[in-house]
> 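Please see the structure below; I have some questions.
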Amino acid sequence: MSGRGCSIVWFRRDLRVEDNPALAAGVRAGAVVAVFIWAPEEEGHYYPGRVSRWWLKHSLAYLDSSLKSLGTSLITKRSTDTVSTLLEVVKSTGATRLFFNHLYDPFSLDRDHRAKEVLTAQGIAVRTYNADLLYDPWEVHDDQGLPFTTFAAFWERCLSMPYDPEAPLLPPKRITSGDVFRCPSDTLVFEDESEKGSNALLARAWSPGWSNANKALTTFINGPLIEYSMNRRKADSATTSFLSPHLHFGEVSVRKVFHLVRIKQVLWANEGNKAGEESVNLFLKSIGLREYSRYMSFNHPHSHERPLLGHLKFFPWVVDEGYFKAWRQGRTGYPLVDAGMRELWATGWLHDRIRVVVSSFFVKVLQLPWRWGMKYFWDTLLDADLESDALGWQYISGTLPDGRELDRIDNPQIKSVWRLCPTELIVVGAVKPAYEFEGYKFDPNGEYVRRWLPELARLPTEWIHHPWNAPESVLQAAGIELGSNYPLPIVEIDAAKARLQEALSEMWQHEAASRAALENGTEEGLGESEALPVAFPPDTQMDVDVHEPARNNNPTMARRYEDQMVPSMTSSLLRVEEEEVSLDLRNRATDSRAEVPTNVNVNQEPRREVLNQGVMQLQAVRSNATPPQFNIRIGLQNAEDSMAESSSNSSRRERDGGVVPVWSPSTSSYSEQFVGEENGIGTSSSFLQRHPQSHQLMNWRRLSQTG
DNA sequence: GCGTTTTTCGT
DNA sequence: CGAAAAACG
């Protein structure tokens with residue numbers, strides 16, 4: 001593979017030189033031009049937030065200096081069209097090969113697919129690799145070759161695959177630089193003047209860059225990991241790994257994390273250290289959730305905008321921007337929620353447990369549309385990650401096949417103890433006032449609340465999580481005047497509970513009506529247009545500050561059935577409306593599909609729908625009649641690859657980078673149908689028990705029909 | 001100790 | 001809600 005021309009190594013969210021298969025392949029092939037392309041407008045509404053861009057800026061600088069010490073440097077390009085920019089880079093450097101690592105978010109799946117097609121058509125050899133996951137999504141499936149729909153089963157399989165995840169690669173010793181001088185870098189601007197001040201503080205707490213990521217990993221493994229199972233629920237303990245932003249940008253490979261952690265586990269197991277072993281399992285589970293988020297995103301490319309189970313689209317969301325604002329500012333009147341929201345705003349960071357608290361409060365108490373919350377997380381979290389956050393919010397909203405349901409209100413009658421969903425806010429037990437509020441579980445001494453809500457700092461612990469119950473004298477002594485320097489609860493919990501039940505019964509009513517309509521064939525019966533997910537509205541319409549409604553505790557407030565509207569919080573840098581994009585893409589995909597190179601032996605069915613390559617493979621695996629097939633294969637392969645390919649089976653390895661995850665935008669109709677199918681379900685769990693396979697079957701059948 | 005009841009917890 | 005763990009007697 002060496003010889004004429006150099007290789008482009010296209011860096012994206014794999015900003016490291018160690019265990020970077022694309023870089024390693026480039027180095028193996030000869031001279032390398034490393035390039036990073038900044039085209040955030042392509043991410044649609046998910047233009048990275050301020051802190052995320054701050055991280056990226058520093059991570060890129062770090063990568064550049066690492067590459068320089070190895071013999072080349074990082075070319076940076078500003079672009080509004082990544083694929084044509086790639087093409088330019090190829091032309092100007094005379095490259096003949098392109099290497100990059102897989103991403104699994106819907107934007108990347110589509111863009112990478114196009115990149116591969118376009119460059120392959122230009123005679124460029126495109127090779128891609130798994131660098132982000134233990135296993136590529138299409139490697140993990142059940143015995144029938146179908147993707148898992150529950151996390152537990154998925155993760156169990158991951159941990160018992162017939163082959164281990166790849167061992168991490170060492171960094172290259174030296175990189176032969178391609179003709180980088182023929183391809184000048186653009187200066188990338190990641191923060192504007194107004195953001196610099198806020199960003200200045202970040203550097204005190206965080207150090208982006210791949211070798212800092214390694215340091216964080218080592219620190220964690222040698223320190224807090226062993227206590228992980230004990231401490232994981234404390235809101236402010238420094239016992240998490242703090243790896244998530246590093247992992248998001250690929251500064252450290254998850255496979256390296258996995259291997260090192262596993263080694264520790266074996267060690268502790270030998271010593272009979274049960275707690276340590278358990279800690280590792282728990283930590284690995286959180287790694288597994290990250291894997292699962294990619295898995296879900298790959299198999300259900302719309303999971304960042306549509307509930308996976310369809311009933312939620314009938315939930316009457318409270319569309320109240322005043323609530324939304326109060327939540328963002330940490331002025332809901334619930335100390336733990338408010339402390340969390342202020343920490344998020346101030347630092348871009350939240351402990352996982354607090355994320356659950358604030359997002360549950362958002363969905364279940366305020367009943368605001370979940371996507372608003374997800375968008376806010378995206379804009380403010382240092383480790384904002386589309387797939388992980390989508391999974392998290394869907395989990396909270398009760399729309400995952402294995403998640404808990406939205407309406408988990410326990411035994412209201414039996415014991416006059418009720419909870420608004422398990423771990424979240426409230427556990428009432430008349431007997432134990434100290435544990436009346438869930439806050440005490442995560443923050444038993446109120447230290448976390450006091451840190452982030454100085455106005456409550458002088459309140460005794462007894463009342464710190466429910467100041468509205470405190471006697472007036474106590475409040476006075478603490479210098480608190482509720483409704484003045486700290487808000488009264490924005491929503492009474494009982495009122496919220498009643499409203500939630502009301503909303504849920506409304507949801508099921510609508511859902512049943514819709515199902516009935518479907519069965520009668522009168523599909524349009526119940527305001528489908530109203531209930532159908534709508535894409536993002538024009539920014540102005542949702543601009544949060546345009547019209548702030550008076551804070552009303554009025555129970556009859558605006559409710560809407562569109563859970564798809566997301567206020568725009570970033571200054572509008574968006575290029576096009578989403579519909580336009582997908583329309584555009586649909587055409588493009590259809591047009592280009594026929595042009596997929598078919599000069600490769602494995603590409604036996606070039607005309608096959610490329611809708612979801614993972615699925616295609618899995619079907620092949622299941623039937624066992626044909627080996628897995630990749631409908632898109634890159635042009636030039638060497639003989640080894642072809643042989644590996646033709647002898648492949650379900651447990652094949654993809655070390656040598658033939659596969660690019662493919663998603664074509666016609667999936668939009670696919671997901672709609674998925675949701676549509678699920679509308680026929682009364683409760684997801686019972687349905688799944690009765691028809692454990694129906695998810696996949698209906699799903700995949702639909703898929704092949706769309707072809 | 002061990003059957004029974006209570007509490008916890010869940011991606 | 002239902003399984004698993006803890007607490008009870």
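Residue numbers start from 1 in every chain, and the chains themselves are labelled A, B, ... in the order their sequence lines are given, proteins ahead of strands. Model, not experiment: these values are computed from the prediction.
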> Do A:Arg342 and A:Asp338 sit within salt-bridge range, that is, some charged N less than 4.0 Å from a carboxylate O?
no
> Taking CG from A:Leu289 and C1' from B:dG10, how many angstroms apart are they, rounded to a whole number?
12 Å
> Take atom NZ of A:Lys285 and atom P of B:dG10, then tell me their distance rounded to the nearest Å.
6 Å
> Cation-pi check for A:Tyr448 against A:Arg450: NZ or CZ below 6.0 Å from the six-membered ring centre and within 45 degrees of the axis, yes or no?
no
> Between A:Trp155, A:Phe298, A:Tyr163, which is the residue that forms a ring pair (Phe, Tyr, Trp, His ring centres under 6.0 Å) with A:Tyr135?
A:Tyr163
> Taking NE2 from A:His300 and C1' from B:dT11, how many angstroms apart are they, rounded to a whole number?
14 Å
> Quick one: A:Asn281 CG to B:dT11 P, roughly how many Å, whole number?
13 Å
> Whole Å only: how far is the CG atom of A:Asp402 from the P atom of C:dC1?
19 Å
> Can you tell me the distance, in whole Å, between the CG atom of A:Leu309 and the C1' atom of B:dT11?
13 Å
> Under 5.5 Å centre to centre and under 30° between planes: does that hold for A:Tyr395 and the six-membered base ring of B:dT11?
yes
> Please state how far atom CG in A:Leu400 lies from atom C1' in B:dT11, giving the value in whole angstrom units.
7 Å
> Nearest whole angstrom, please: distance from the P of B:dC9 to the CZ of A:Phe151.
18 Å
> Is a salt bridge present between A:Arg13 and A:Asp105, judged by a nitrogen-to-oxygen distance below 4.0 Å?
yes
